Amino acid sequence: MSIRLGDIAPDFEQDSSIGHIRFHEWLGNSWGVLFSHPADFTPVCTTELGLTAKLKDAFAERGVKAIALSVDPAESHIKWIDDINETQDTQVNFPILADADRKVSGLYDLIHPNANDTLTVRSLFIIDPNKKVRLIITYPASTGRNFNEILRVIDSLQLTDNHKVATPANWQDGDEVVIVPSLQDPDEIQQRFPKGYRAVKSYLRLTPQPNH
């Protein structure tokens, strides 16, 4: 099964490090970040899970729940969490799905035979409160994820969902944004962007970031 942007994130029931999870029910009205790991006790993923735990407040400020996945059983996850807490100086505060039967891995297309026919690839999904998939990134096993980028994309998605803007290259929260080309009504532009805008080209209009 292949998942594309805009698809409804597949629902599932699966065991985890905190017990049985019904995904859509667990997610509720929150945004979600679902990210997979090839196996427990892997070094790069140990650092990623530790950093995710440290970013608890940053995720909470954005209304985001994090959930990880590995194909090992829950008992293994709990032992791995002890290692993560010890080596990363944190406390893992989110569930890790125990996908030993590969059920979730199949739903989310996480087994790539040309990479490894038994272990999941390191994909990450951002899912909005309507359960739609808004971002998919797949990393090689050797490269740790950039969680600053994950937070940046969430900021962009939440901003652009509420305003008729897009965010330019390397945008950071607080930078100028782009007025979408489809917005042409001068009265609406003035109402939405009272600070005005500068037209670099007719199709490239930059304005101060609106309030979230």
Side-chain angles (χ1 to χ4, degrees), residues 1-12 23-36 48 51-52 55-69 94 107-110 112 121-140 143-212:
M1 178 178 179
S2 179
I3 296 178
R4 295 182 173 87
L5 298 186
D7 288 353
I8 298 296
D11 196 13
F12 56 81
F23 183 54
H24 281 192
E25 180 182 298
W26 173 85
L27 194 59
N29 293 320
S30 298
W31 289 72
V33 172
L34 168 63
F35 56 111
S36 58
E48 291 181 335
L51 181 56
T52 302
L55 290 172
K56 178 183 179 181
D57 290 345
F59 282 124
E61 288 169 4
R62 295 163 171 83
V64 177
K65 292 182 176 180
I67 186 168
L69 175 149
F94 55 89
L107 286 174
Y108 282 80
D109 191 29
L110 299 177
H112 293 188
V121 295
R122 297 178 57 255
S123 290
L124 181 146
F125 303 83
I126 293 177
I127 300 162
D128 70 18
N130 295 318
K131 311 298 185 292
K132 286 188 177 182
V133 175
R134 304 295 298 276
L135 173 86
I136 304 170
I137 306 179
T138 301
Y139 289 81
T143 304
R145 296 175 171 102
N146 183 337
F147 280 85
N148 291 329
E149 170 65 1
I150 305 309
L151 292 172
R152 189 187 79 92
V153 173
I154 293 167
D155 285 341
S156 173
L157 288 169
Q158 293 182 346
L159 176 69
T160 57
D161 277 0
N162 293 319
H163 301 277
K164 291 188 176 182
V165 297
T167 54
N170 286 347
W171 172 86
Q172 299 289 334
D173 190 26
D175 290 350
E176 284 186 316
V177 296
V178 175
I179 299 174
V180 295
S182 60
L183 181 53
Q184 295 293 329
D185 184 291
D187 292 336
E188 185 178 356
I189 291 172
Q190 185 175 12
Q191 178 187 359
R192 288 181 174 276
F193 310 109
K195 296 179 182 178
Y197 67 91
R198 57 190 183 93
V200 180
K201 291 288 185 180
S202 59
Y203 59 86
L204 177 54
R205 300 167 295 172
L206 297 170
T207 187
Q209 176 179 313
N211 294 328
H212 282 255

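Keep in mind it's a predicted model, so treat the numbers as computed, not measured. For the numbers below, each heavy atom of this structure counts, side chains included, while hydrogens, waters and symmetry mates do not.
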Participant: Just so I know, are the side chains of Asn130 and Ile8 near enough to count as touching, which here means a heavy-atom distance under 4.5 Å?
Facilitator: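 A side-chain contact is absent here, since even the closest heavy-atom pair is not under 4.5 Å.
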
Participant: CD of Gln184: more than 12 outside heavy atoms within 6.0 angstrom?
Facilitator: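 Yes, CD of Gln184 has more than 12 neighbouring heavy atoms, counting only those of other groups under 6.0 Å.
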
Participant: If only atom types and distance count, is the side chain of Ser30 paired as donor or acceptor with the main-chain N or O of Val64 below 3.5 Å?
Facilitator: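 Checking the backbone N and O of Val64 against the side chain of Ser30, no donor-acceptor pair under 3.5 Å is found.
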
Participant: Asp175 and Gln209: side chain to side chain donor-acceptor pair (under 3.5 Å), yes or no, with the steps?
Facilitator: CA-CA 6 Å; Asp175 290 350; Gln209 176 179 313; over 6 Å; no

Participant: For Ser2 versus Asp109, what's the shortest heavy-atom pair and its separation?
Facilitator: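 For Ser2 and Asp109, the tightest heavy-atom pair comes out as CA-OD2, 4.3 Å.
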
Participant: My understanding is that only one of Ile126, Asp128, Ile127 makes a side-chain contact (heavy atoms from CB on, under 4.5 Å) with Leu135; could you say which?
Facilitator: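 For Leu135, the side-chain contact (heavy atoms from CB on, under 4.5 Å) test succeeds with only one of Ile126, Asp128, Ile127, which is Ile126.
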
Participant: Minimum heavy-atom separation for Arg134 to Leu157, with atom names?
Facilitator: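 The pair with the smallest heavy-atom distance is NH2-CD2, 3.5 Å.
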
Participant: What I'd like to find out is whether the side chain of Ile67 reaches to under 4.5 Å of the side chain of Val33, using heavy atoms alone.
Facilitator: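 Side-chain contact under 4.5 Å: no.
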
Participant: Please report the closest heavy-atom contact between Thr138 and Ser123, naming both atoms and the distance.
Facilitator: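 Closest heavy-atom pair between Thr138 and Ser123: OG1-OG, 2.7 Å.
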
Participant: Give a yes or no answer on whether the side chain of Arg152 reaches the backbone of Gln172 with a donor-acceptor pair at less than 3.5 Å.
Facilitator: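 Between the backbone of Gln172 and the side chain of Arg152 there is no qualifying donor-acceptor contact (under 3.5 Å).
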
Participant: How would you list all residue pairs meeting salt bridge (Lys or Arg N to Asp or Glu O under 4.0 Å) that involve residues 194-204, not counting sequence neighbours?
Facilitator: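 Found Glu176-Arg198.
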
Participant: Strictly by salt bridge (Lys or Arg N to Asp or Glu O under 4.0 Å), give each pair with a member in residues 181-193 just once, sequence neighbours left out.
Facilitator: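 Listed once each, the pairs are Lys164-Glu188, Glu188-Arg192.
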
Participant: Would you call Asp155 and Arg62 a salt bridge, using N to O less than 4.0 angstrom?
Facilitator: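 Salt bridge: yes.
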
Participant: Tell me if a side-chain donor or acceptor on His163 pairs with a main-chain N or O of Asn211 at a distance below 3.5 Å.
Facilitator: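 Yes.
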
Participant: Hey, does Tyr203 have a side-chain heavy atom less than 4.5 Å from the side chain of Val180?
Facilitator: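 The answer is no; the side chains never approach within 4.5 Å.
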
Participant: Find the distance between CG (Asp173) and CD1 (Ile154) and round it off to the nearest 0.5 Å.
Facilitator: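 The CD1 atom of Ile154 is 12.0 Å from CG of Asp173, to the nearest 0.5 Å.
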
Participant: Nearest 0.5 Å please: distance from the CG atom of Leu107 over to the CD1 atom of Ile3.
Facilitator: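 Here the interatomic distance stands at 7.5 Å.
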
Participant: NZ of Lys131: more than 12 outside heavy atoms within 6.0 angstrom?
Facilitator: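 Yes, enclosed.
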
Participant: Is there a side chain to side chain contact (heavy atoms under 4.5 Å, CB included) between Glu48 and Phe147? Walk through the geometry before answering.
Facilitator: CA-CA 8 Å; Glu48 291 181 335; Phe147 280 85; 4.0 Å; yes

Participant: Ignoring hydrogens, what is the shortest heavy-atom contact between Pro210 and Val177? Give both atom names and the distance.
Facilitator: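 Taking every non-hydrogen atom into account, CD-CG2, 3.8 Å.
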
Participant: Testing the basics here: between Pro208 and Gly196, what is the closest heavy-atom pair and its distance to 0.1 Å?
Facilitator: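 Scanning both residues completely, I find the closest heavy atoms to be CD-O, 3.6 Å.
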
Participant: Please tell me if the side chains of Trp171 and Val178 come closer than 4.5 Å, counting only heavy atoms from C-beta onward.
Facilitator: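 Side chain of Trp171 against side chain of Val178, heavy atoms only: no contact under 4.5 Å found.
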
Participant: Within the side chain of Thr143, is there an N or O that forms a donor-acceptor pair under 3.5 Å with the backbone of Tyr139?
Facilitator: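 No; judged by distance alone, with no hydrogens or angles, the pair does not exist.
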
Participant: Taking atom CD1 of Ile137 and atom CG of Leu124, what is their separation to the nearest 0.5 Å?
Facilitator: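 So the CD1 of Ile137 and the CG of Leu124 are separated by 6.0 Å.
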
Participant: Locate the shortest heavy-atom distance separating Val133 from Arg4; write the atom from each residue and the value.
Facilitator: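 Between these two residues, the closest heavy atoms are CB-O, 4.1 Å.
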
Participant: Would you say that Phe193 contacts Ile179 through its side chain, given a criterion of any heavy-atom pair below 4.5 Å between the two side chains?
Facilitator: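 Yes. Closest side-chain heavy atoms under 4.5 Å.
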
Participant: Parallel, tilted or perpendicular: which fits the ring planes of Phe35 and Phe94, with parallel below 30° and perpendicular above 60°?
Facilitator: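 Tilted: the ring planes of Phe35 and Phe94 meet at 30° to 60°.
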
Participant: Is the closest side-chain heavy-atom distance between Phe125 and Leu110 below 4.5 Å?
Facilitator: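 A side-chain contact exists here, since the closest heavy-atom pair is under 4.5 Å.
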
Participant: Check for a donor-acceptor pair, side chain of Asp7 on one end and backbone N or O of Ala9 on the other, with a separation under 3.5 Å.
Facilitator: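 Answer holds: no.
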
Participant: Test the Lys65-Trp31 pair against the cation-pi criterion, namely NZ or CZ under 6.0 angstrom from the six-membered ring centroid and within 45° of the ring axis.
Facilitator: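 Verdict for Trp31: no cation-pi partner in Lys65.
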
